[in-house]
Visitor: 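This structure is in structure tokens; I'll ask about it shortly.
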Amino acid sequence: MAIETSHERHHRLTHRALPALGVLAAVALVVGVEVGSGRDSGADRVGRQFGSAWERGDYDAMHALISDDARRRYPRAAFERAYERVAATATATSVRAGEPHGGGAGVRVPVVATTRLFGHVRGTVELPLTQEKVDWTPRLAFPGVGPGEKLTRRTVEPRRGTIVSVDDKVLAQGPARARSSPLGGLAASIAGTVEPSQDAKTRTALYARGFDRDTPTGKSGLERALDERVAGIPGGTLLVGNEVIARARPRPGRRVRTTIDTRLQESAVTALAGRLGGVAALDPRTGEVRALAGIAFSAPQPPGSTFKIVTTTAALEAGAVKLGDKFPVETKAVIDGVDLANANGESCGGTFAESFARSCNSVFAPLGVKVGAKRLVATAERYGWNEPPRLPGALPSTLPAAPRVASPLEVGSTAIGQFKVLATPLQMASVAQTVANDGVRLRPHLVARARPDSVRVTSKKVTDQVEQLMLGVVRYGTGTAAAVPGVKVAGKTGTAELGDTRGPKAGETSNPDNTDAWFTSYAPADRPRIAVAVLLVRSGAGGSTAAPVARIVLGRALGK
């Protein structure tokens with residue numbers, strides 16, 4: 001039987017008597033099948049599929065629904081870029097597609113775009129169809145954009161927030177394009193700079209947040225670390241052609257009270273005295289950053305013997321050594337046939353406490369081999385190595401995974417802070433903070449009164465022993481230059497060889513131009529109030545150059 005059209009059915013019913021009820025029901029069923037399988041339902045199906053794929057961000061599925069001609073003009077990559085561009089302009093984060101309605105040569109799909117700046121933007125996307133394929137053009141990437149129209153945005157920049165120290169002194173204030181501080185150079189040493197980014201990805205991400213691409217952003221220091229807090233939220237207008245379809249007011253950035261103590265920041269900058277290096281100071285009780293000078297978190301270097309704190313922790317946990325154990329007095333250790341010498345070829349040994357105080361490579365390199373790479377690396381990672389930094393702009397402190405510390409020589413070199421171990425002064429200050437805090441590491445943070453994240457690194461029993469060893473370093477070992485009168489200072493020196501990552505060679509005197517000087521510390525040992533780490537690049541021995549810098553900052557923190 002042939003299916004009659006709606007026009008034929010209407011003509012027949014107006015010229016003939018009404019049939020019986022059963023016959024009428026059958027006709028209605030036929031008409032329902034006809035409408036359900038006709039052109040309009042096909043359009044609705046395409047609209048529904050397209051809208052659903054759009055909601056999921058499935059550009060492959062969307063692109064498969066467009067016409068052959070549209071695919072030739074807009075290949076897959078160009079198709080996706082069109083959606084990314086308008087989403088960035090609108091600051092859109094998601095879309096919701098409503099129930100489509102076919103009509104004419106296409107289908108209308110109601111769409112709601114959720115945006116960062118403009119709330120919910122509602123409109124309709126009219127998809128033109130040919131043989132149930134979308135004749136797609138870029139204007140269809142956002143609701144309400146008609147033929148010949150484009151989506152554009154006019155941005156109004158927010159006021160950048162003020163950054164202050166823990167003692168409420170202004171470190172940075174004013175608009176993004178003209179930041180200043182009444183503290184001058186002192187503030188600049190920690191506040192950092194604000195300028196337009198030259199990185200394409202950063203500029204694109206900035207635009208998607210609602211800013212102009214050339215808006216100045218934090219490039220270094222606190223300005224970078226706190227950028228999202230102080231940048232504020234832009235405002236502006238969203239336009240289709242010349243018609244404004246949405247508006248938003250800018251919201252100023254927040255005033256951020258940091259943990260920086262300007263007294264300690266000044267002492268760190270002064271003690272660094274323009275030399276290439278870094279100073280980091282932490283509150284051992286809270287993990288709050290009190291000072292960051294120079295390259296305190298931005299240029300990881302071999303930490304040398306300061307890493308022996310980690311090696312000692314691993315050895316004590318493993319029961320591989322006791323403080324009273326005695327070691328032969330030697331000038332070097334020989335591992336895999338390679339000499340690993342003590343600093344300047346000095347004879348070194350005695351009790352483990354004496355060996356730690358005098359930083360004997362001849363003891364610690366073989367001890368590292370005894371402990372093994374797996375335990376050594378795991379202990380370092382609990383202390384924070386290989387962990388993504390929480391401070392934006394900071395670089396991670398790293399060492400290879402245990403399987404990549406393969407030979408005894410590599411393990412022994414790692415145990416004395418050489419091979420491929422890298423650290424920042426901030427990381428080494430965190431090591432000292434952990435020992436001072438009974439084995440609990442508090443991840444460093446810059447915002448006052450923030451609740452710190454904590455990590456149990458080792459037991460109080462172990463850190464009590466490490467503390468005794470660190471006290472010996474300052475009392476009679478390599479770190480006497482860090483002593484503060486009337487204060488128990490716990491510390492560890494480091495002199496990192498830069499020419500040979502295996503460490504110093506037997507019979508050679510360390511070249512000051514080829515060694516980094518390190519010192520990490522905390523005080524007072526019986527009630528810690530400050531942890532300080534110092535790095536001086538290519539500046540000789542840690543005990544003679546880095547330890548005096550730490551003493552200045554420790555003394556200022558303790559009022560000495």
Visitor: Taking the side chain as every heavy atom from C-beta outward, state whether K332 and N361 have any atom pair closer than 4.5 Å.
Guide: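 Result no, sub-4.5 Å side-chain heavy-atom pair not found.
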Visitor: How about P300 and T398: do any of their side-chain heavy atoms sit closer than 4.5 Å?
Guide: no
Visitor: Which residues pass the ring pair (Phe, Tyr, Trp, His ring centres under 6.0 Å) test with Y522, not counting sequence neighbours?
Guide: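 Checked Y522 against ring pair (Phe, Tyr, Trp, His ring centres under 6.0 Å); zero matches.
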Visitor: Taking G542's backbone N and O only, do any of them form a donor-acceptor pair with T495's side chain (distance below 3.5 Å, no angle check)?
Guide: yes
Visitor: With rounding to the nearest 0.5 angstrom, report the CG to CG distance, L536 to L276.
Guide: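 One finds 8.5 Å between CG of L536 and CG of L276.
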Visitor: Nearest 0.5 angstrom please: I260 CD1 to I163 CD1, how far?
Guide: 10.5 Å
Visitor: For P408 and D336, which heavy atoms make the closest approach, and how far apart are they?
Guide: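 Looking at all heavy atoms of both residues, the shortest contact is CD-OD2, 3.5 Å.
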Visitor: Begin from the C-alpha positions of T313 and T434 and carry the test side-chain contact (heavy atoms from CB on, under 4.5 Å) through to its verdict.
Guide: CA-CA 11 Å; T313 300; T434 302; over 6 Å; no
Visitor: What is the minimum heavy-atom distance between P158 and P252, and which atoms define it?
Guide: CB-CA, 4.3 Å
Visitor: Mind listing the closest non-hydrogen atom pair of S355 and G350 along with its distance?
Guide: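 Result for this residue pair: OG-O, 3.8 Å.
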Visitor: If only atom types and distance count, is the side chain of S189 paired as donor or acceptor with the main-chain N or O of A293 below 3.5 Å?
Guide: no
Visitor: Would you check if there is a donor-acceptor pair between the side chains of N342 and S362 at a distance under 3.5 Å?
Guide: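 S362 vs N342: donor-acceptor pair found between side chains.
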Visitor: Is the backbone of K219 close enough, under 3.5 Å, to the side chain of E195 for a donor and an acceptor to pair up by distance?
Guide: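 Such a contact is absent between E195 side chain and K219 backbone.
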Visitor: Classify the ring geometry between F307 and W385 as parallel (under 30°), tilted (30 to 60°) or perpendicular (over 60°).
Guide: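 Taking W385 first and then F307, their aromatic rings stand perpendicular (interplane angle over 60°).
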Visitor: Heavy atoms only: give me the nearest A531-P284 pair and the separation to one decimal.
Guide: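 Where A531 meets P284 most closely, the heavy atoms are N-CD, 3.9 Å.
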Visitor: Looking at every non-hydrogen atom in both residues, tell me the closest pair between V489 and S521 and how far apart they are.
Guide: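 For V489 and S521, the tightest heavy-atom pair comes out as CG1-CB, 4.4 Å.
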Visitor: If you round to the nearest 0.5 Å, how far is OG1 of T162 from CZ of R254?
Guide: 13.5 Å
Visitor: Is the backbone of L264 close enough, under 3.5 Å, to the side chain of S267 for a donor and an acceptor to pair up by distance?
Guide: yes
Visitor: Determine whether R203 and L206 satisfy the following criterion, side-chain contact (heavy atoms from CB on, under 4.5 Å), listing intermediate values before the conclusion.
Guide: CA-CA 5 Å; R203 291 168 65 88; L206 195 64; 5.5 Å; no
Visitor: I'd like to check I295 versus V537 (side-chain heavy atoms, cut-off strictly below 4.5 Å). Are they in contact?
Guide: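 Side-chain contact under 4.5 Å: yes.
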Visitor: For the residue pair D227 and T217, confirm or rule out a side-chain donor-acceptor distance under 3.5 Å.
Guide: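 No pair is found: no donor N or O on one side chain lies under 3.5 Å from an acceptor on the other.
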Visitor: Ignoring hydrogens and angles, tell me if any N or O in the side chain of S305 forms a donor-acceptor pair with the backbone of I416 under 3.5 Å.
Guide: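 A pair under 3.5 Å: no.
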Visitor: Does CD in E228 sit with more than 12 non-hydrogen atoms of other residues, nucleotides or ligands closer than 6.0 Å?
Guide: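 Not buried by this count: 12 neighbours or fewer within 6.0 Å.
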Visitor: Please evaluate residues T312 and L469 with respect to the criterion side-chain contact (heavy atoms from CB on, under 4.5 Å), reporting the C-alpha separation (whole Å), side-chain torsions for both, the decisive distance (0.1 Å), and the verdict.
Guide: CA-CA 9 Å; T312 299; L469 297 171; 3.6 Å; yes
Visitor: Report, as yes or no, whether the 6.0 Å neighbourhood of atom CZ on R229 holds more than 12 heavy atoms from other residues, nucleotides or ligands.
Guide: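 Check fails, neighbour count at 12 or below.
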Visitor: If we only count heavy atoms from C-beta on, is the V553 to V534 side-chain gap below 4.5 Å?
Guide: no
Visitor: When you check the gap from the basic side-chain N to the acidic O, do R390 and D453 get nearer than 4.0 Å?
Guide: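 Yes, this pair counts.
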Visitor: A quick test of your reading: do over 12 heavy atoms of other residues, nucleotides or ligands sit less than 6.0 Å from CZ of R209?
Guide: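 It does: R209 CZ has more than 12 such atoms within range.
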Visitor: Do R275 and V549 have side-chain heavy atoms sitting under 4.5 Å apart?
Guide: yes
Visitor: Answer yes or no: is there a side-chain heavy-atom contact under 4.5 Å between E223 and T193?
Guide: no
Visitor: Would you mind checking if D261 and R290 are paired as a salt bridge, meaning a charged N to carboxylate O distance below 4.0 Å?
Guide: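 Result for this pair is no, no salt bridge flagged.
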Visitor: When rounded to the nearest 0.5 angstrom, what distance separates CG in L391 from CG in L446?
Guide: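 Reported value, rounded in 0.5 Å steps: 5.0 Å.
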Visitor: Spell out, as yes or no, whether a donor-acceptor pair under 3.5 Å connects the side chain of R441 to the backbone of Y383.
Guide: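 Yes, because the side chain of R441 sits within donor-acceptor range (under 3.5 Å) of the backbone of Y383.
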Visitor: Roughly how far, to the nearest 0.5 Å, is the CD1 atom of I190 from the OG atom of S165?
Guide: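 Answer for the OG-CD1 pair, S165 versus I190, is 11.0 Å.
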Visitor: Can you tell whether the side chains of R358 and E346 come within less than 4.0 Å, N to carboxylate O?
Guide: no
Visitor: Quick one: closest heavy-atom pair of A296 and T424, and the distance?
Guide: O-CB, 3.6 Å
Visitor: Within a radius of less than 6.0 Å around CZ of R251, do more than 12 heavy atoms belonging to other residues, nucleotides or ligands occur?
Guide: no
Visitor: Let me confirm one number: the SG-CG distance from C360 to L367, rounded to the nearest 0.5 Å.
Guide: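 One gets 12.0 Å once the value is rounded to the nearest 0.5 Å.
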Visitor: Whether the S197 and D199 side chains hold a donor-acceptor pair (N or O, under 3.5 Å, no angle test) is what I'd like checked.
Guide: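 No pair is found: no donor N or O on one side chain lies under 3.5 Å from an acceptor on the other.
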Visitor: Which salt bridge (Lys or Arg N to Asp or Glu O under 4.0 Å) pairs, counting each pair once, include a residue from residues 521-549, with sequence neighbours left out?
Guide: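 For residues 521-549, and leaving out neighbouring residues, there are no salt bridge (Lys or Arg N to Asp or Glu O under 4.0 Å) pairs at all.
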Visitor: Do we see a donor-acceptor contact under 3.5 Å between the side chains of S181 and K169?
Guide: no
Visitor: Determine, step by step, whether L226 and V447 satisfy the side-chain contact (heavy atoms from CB on, under 4.5 Å) criterion, reporting the C-alpha distance in whole Å, the side-chain angles of both residues, the deciding distance to 0.1 Å, and the verdict.
Guide: CA-CA 9 Å; L226 303 174; V447 178; 3.8 Å; yes
Visitor: With a 4.5 Å cut-off on side-chain heavy atoms, are P302 and F419 touching?
Guide: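 When only atoms from C-beta onward are counted, P302 and F419 do not touch, as no gap falls below 4.5 Å.
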Visitor: Give a yes or no on whether the backbone of V166 and the side-chain of R257 come within a donor-acceptor separation of less than 3.5 Å.
Guide: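 Yes: the side chain of R257 pairs with the backbone of V166.
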Visitor: Is a side-chain N or O of T91 found less than 3.5 angstrom from the main chain of R116, in a donor-acceptor match?
Guide: yes
Visitor: Any side-chain heavy atom of L409 within less than 4.5 Å of one from L340?
Guide: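 With C-beta onward as the side chain, the pair touches.
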Visitor: Only one of T311, I309, T478 passes side-chain contact (heavy atoms from CB on, under 4.5 Å) with F356; say which it is.
Guide: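 For F356, the side-chain contact (heavy atoms from CB on, under 4.5 Å) check succeeds only for I309.
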Visitor: Does the T515 side chain pair with the main chain of A496, one donor and one acceptor, at a distance under 3.5 Å?
Guide: no
Visitor: Just to verify, what does S347 make a side-chain contact (heavy atoms from CB on, under 4.5 Å) with, not counting sequence neighbours?
Guide: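 Once residues adjacent in sequence are excluded, the partners of S347 under the side-chain contact (heavy atoms from CB on, under 4.5 Å) criterion are V329, T331.
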Visitor: Is it the case that more than 12 heavy atoms not belonging to R456 sit under 6.0 Å from its CZ atom?
Guide: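 Yes, enclosed.
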Visitor: Is there a donor-acceptor pair closer than 3.5 Å between any side-chain N or O of D214 and the backbone N or O of P196?
Guide: no
